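Please read these numbers as outputs of a predicted model, since none were measured by experiment. We use all heavy atoms of the structure for the numbers below, so side chains are in, but hydrogens, waters and symmetry mates are not.
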Amino acid sequence: MDSIVTVNASTNGYLSAWFDWNQDGDFADEGEQVFTDTQLQAGNNNLVFTVDAAAYIGTTWSRFRFSQQQGLDYFGGAATGEVEDHPLTVTGEGLSVRYYPNATDYTTVAFEDNWPYTADYDMNDVVVSYRITEILRDGNVVKSKIDGYLGAVGASYHNGFAIRLKGLNRSDIDTDTSRLIKNDVLSETSGLEQISNEAIFVISEDTSVYKLDSCDFHRTLMSCGAEDVQLNFTLHVNIKEGTNTSSLMSMPYDPFIFATPDYYHGAGYFQPGRKWEVHLPNYEPTEQFDAELFAGLGRDVSNASTNTYFKTAENLPWAIMVNDEWLWPTENTDLLAAYPQYATYAESSGEQAQNWFESQFATPDKCYIP
């Protein structure tokens, strides 16, 4: 299929461009260079190119290099010119695309890992921001792409982070083409959890490995400085052809944390491993969770018969989601101290103070500012 791209050149020169057709995070594969030293005139230039027949459906990236030099690769320096990367979406007949929260922004999920106790309740033990792109064919989801980054690790315990696509089974996933890319490196596996029947993707088995040696925590203490993000990830979930996805839960799916196996995770639990999880309020745990942990300990009032999970009697959860790149509390700062209106929001079951998370309602000096 032929497509047209309009390139605005500031002066005369040569354009080379690459498209990551197989969405593996690089431009090194055969057929991914679509323009080679194409001569441009100053102003708008309409260029025709052919989409690779084997291009994967979904969102990906392109790279354009404009210079007075020829023979440039997609990497390396040049004496003149500029480089621009642009996102694009590959679709086809009968295909449609939808996003969460939208095409360019992120939703943020933040966890307190002292469940079933609230302890410091700083809600920064694991903080992840991500967005989802779903590709549908005739209304049926055929692919989901999840882009995100690890915002903070304010935990002394070791926690993994995963996303469950409830309503899909592991057998529904095309394991040959699904992939997980972390920090621009293709992982050996897609992260699809082999011990579960459900479609659960483990992004990180242990988020604490992304702490810097100079800090006890990652991006929760201003005294450590505004550290750079240490984990960026892209998860490509390709669903087997013919799979009925009508039971797939709506985006943003089910993000959760779990205890990293073989590490201490609190008195009474010691090394619970995958049987300990924390989900968003009223999201039931996965099949790996040990139901005996719902034993009325601490402040948790989970009750499977009423579909109540991971909440206190005051409706305070151990995980929250904000459809924004949210400023989380600093280390050992109670969420209610950082965002006083959250108490009203929780106690009213979300009916009041719905903008509690906005920075204008935050207590000065109580939130981490990257």
Pair listing, side chain to side chain donor-acceptor pair (under 3.5 Å) test, anchored in residues 63-81, at least two apart:
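Checked against side chain to side chain donor-acceptor pair (under 3.5 Å) - neighbours excluded - the pairs reaching residues 63-81 are Arg63-Asp85, Ser67-Thr80, Gln68-Thr80.
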From CA spacing to verdict: side-chain contact (heavy atoms from CB on, under 4.5 Å), Asn140, Asn244
CA-CA 7 Å; Asn140 202 53; Asn244 186 337; 4.0 Å; yes
Heavy-atom check, side chain of Leu165 versus side chain of Leu248, under 4.5 Å:
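The answer is yes; the side chains approach within 4.5 Å.
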So do Leu168 and Ile239 actually touch side chain to side chain, heavy atoms under 4.5 Å?
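Counting from C-beta outward, Ile239 and Leu168 do come under 4.5 Å.
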For [X] and [Y], test the side chains for any donor-to-acceptor distance below 3.5 angstrom and give the result as yes or no.
| X | Y | value |
| --- | --- | --- |
| Ser305 | Asn303 | yes |
| Thr333 | Asp122 | no |
| Asn44 | Asn8 | yes |
| Glu112 | Trp318 | no |
| Thr220 | Asn124 | no |
| Ser187 | Thr189 | no |
| Thr286 | Gln288 | no |
| Asp262 | His158 | no |
| Asn315 | Ser349 | yes |
| Ser129 | Thr108 | yes |

Distance (rounded to the nearest 0.5 Å) between [X] [atom1] and [Y] [atom2]:
| X | Y | atom1 | atom2 | result |
| --- | --- | --- | --- | --- |
| Leu40 | Asn45 | CG | CG | 4.5 Å |
| Arg179 | Thr177 | CZ | OG1 | 6.5 Å |
| Leu293 | Glu277 | CG | CD | 9.5 Å |
| Met123 | Thr118 | CE | OG1 | 9.5 Å |
| Gln360 | Gln341 | CD | CD | 8.5 Å |

Give the C-alpha distance, both sets of side-chain angles, the deciding distance and a yes or no for side chain to side chain donor-acceptor pair (under 3.5 Å) between Asp300 and Trp115.
CA-CA 8 Å; Asp300 180 73; Trp115 182 88; 3.0 Å; yes
Ignoring hydrogens and angles, tell me if any N or O in the side chain of [X] forms a donor-acceptor pair with the backbone of [Y] under 3.5 Å.
| X | Y | answer |
| --- | --- | --- |
| Thr107 | Val322 | yes |
| Glu347 | Thr344 | no |
| Gln194 | Leu192 | yes |
| Ser16 | Asp37 | yes |

Salt-bridge test for Lys311 and Glu314: reply yes if a basic N is under 4.0 Å from a carboxylate O, no otherwise.
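Glu314 and Lys311: not salt-bridged.
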Here's a test for you: under ring pair (Phe, Tyr, Trp, His ring centres under 6.0 Å), which of Trp326, Trp328, Phe361 qualifies with Tyr339?
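One option only clears the test, and that one is Trp326.
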Given His279, which partner from the list Phe111, Tyr309, Phe310, Phe289 fulfils the ring pair (Phe, Tyr, Trp, His ring centres under 6.0 Å) test?
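Checked Phe111, Tyr309, Phe310, Phe289 against His279; only one passes ring pair (Phe, Tyr, Trp, His ring centres under 6.0 Å): Phe310.
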Phe201/Val237 under side-chain contact (heavy atoms from CB on, under 4.5 Å): CA gap, chis, key distance, verdict
CA-CA 9 Å; Phe201 290 85; Val237 180; 3.8 Å; yes
Run Leu47 and Thr38 through side-chain contact (heavy atoms from CB on, under 4.5 Å) and show every step you take.
CA-CA 9 Å; Leu47 306 177; Thr38 299; 4.3 Å; yes
For residues 143-154, dump all side-chain donor-acceptor pairs below 3.5 Å to protein atoms at least two apart in sequence or in another chain.
| unit_1 | atom_1 | unit_2 | atom_2 | d |
| --- | --- | --- | --- | --- |
| Lys143 | NZ | Gln23 | OE1 | 2.8 |
| Lys143 | NZ | His236 | ND1 | 3.0 |
| Ser144 | OG | Tyr253 | OH | 2.9 |
| Lys145 | NZ | Thr59 | O | 2.9 |
| Lys145 | NZ | Thr59 | OG1 | 3.0 |
| Asp147 | OD1 | Thr234 | OG1 | 2.8 |
| Tyr149 | OH | Glu325 | OE1 | 2.5 |

In the hydrophobic clustering (ILVMFWY, side-chain contacts below 4.5 Å, transitive), which residues join Phe258, or is it alone?
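Hydrophobic cluster check, Phe258: joined to Ile200, Val202, Phe256.
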I would like to know whether Phe27 and Phe75 meet ring pair (Phe, Tyr, Trp, His ring centres under 6.0 Å); could you show each step before the answer?
CA-CA 9 Å; Phe27 304 103; Phe75 60 89; over 10 Å; no
Mutual orientation of the aromatic rings belonging to [X] and [Y] [parallel < 30°, tilted 30-60°, perpendicular > 60°]:
| X | Y | value |
| --- | --- | --- |
| Phe233 | Phe161 | tilted |
| Trp356 | Tyr345 | tilted |
| Phe64 | His86 | perpendicular |

Step through the shown structure and confirm whether more than 12 heavy atoms of other residues, nucleotides or ligands are within 6.0 Å of [atom1] on [X].
| X | atom1 | value |
| --- | --- | --- |
| Lys182 | NZ | yes |
| Asp365 | CG | no |
| Asn169 | CG | yes |

I would like to know whether Asp125 and Tyr157 meet side-chain contact (heavy atoms from CB on, under 4.5 Å); could you show each step before the answer?
CA-CA 9 Å; Asp125 295 326; Tyr157 299 144; over 6 Å; no
So, applying salt bridge (charged side-chain N to carboxylate O under 4.0 Å, His left out) with Arg164, which one of Glu284, Glu193, Glu198 is it?
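Going through the options one by one, the only one that passes is Glu198.
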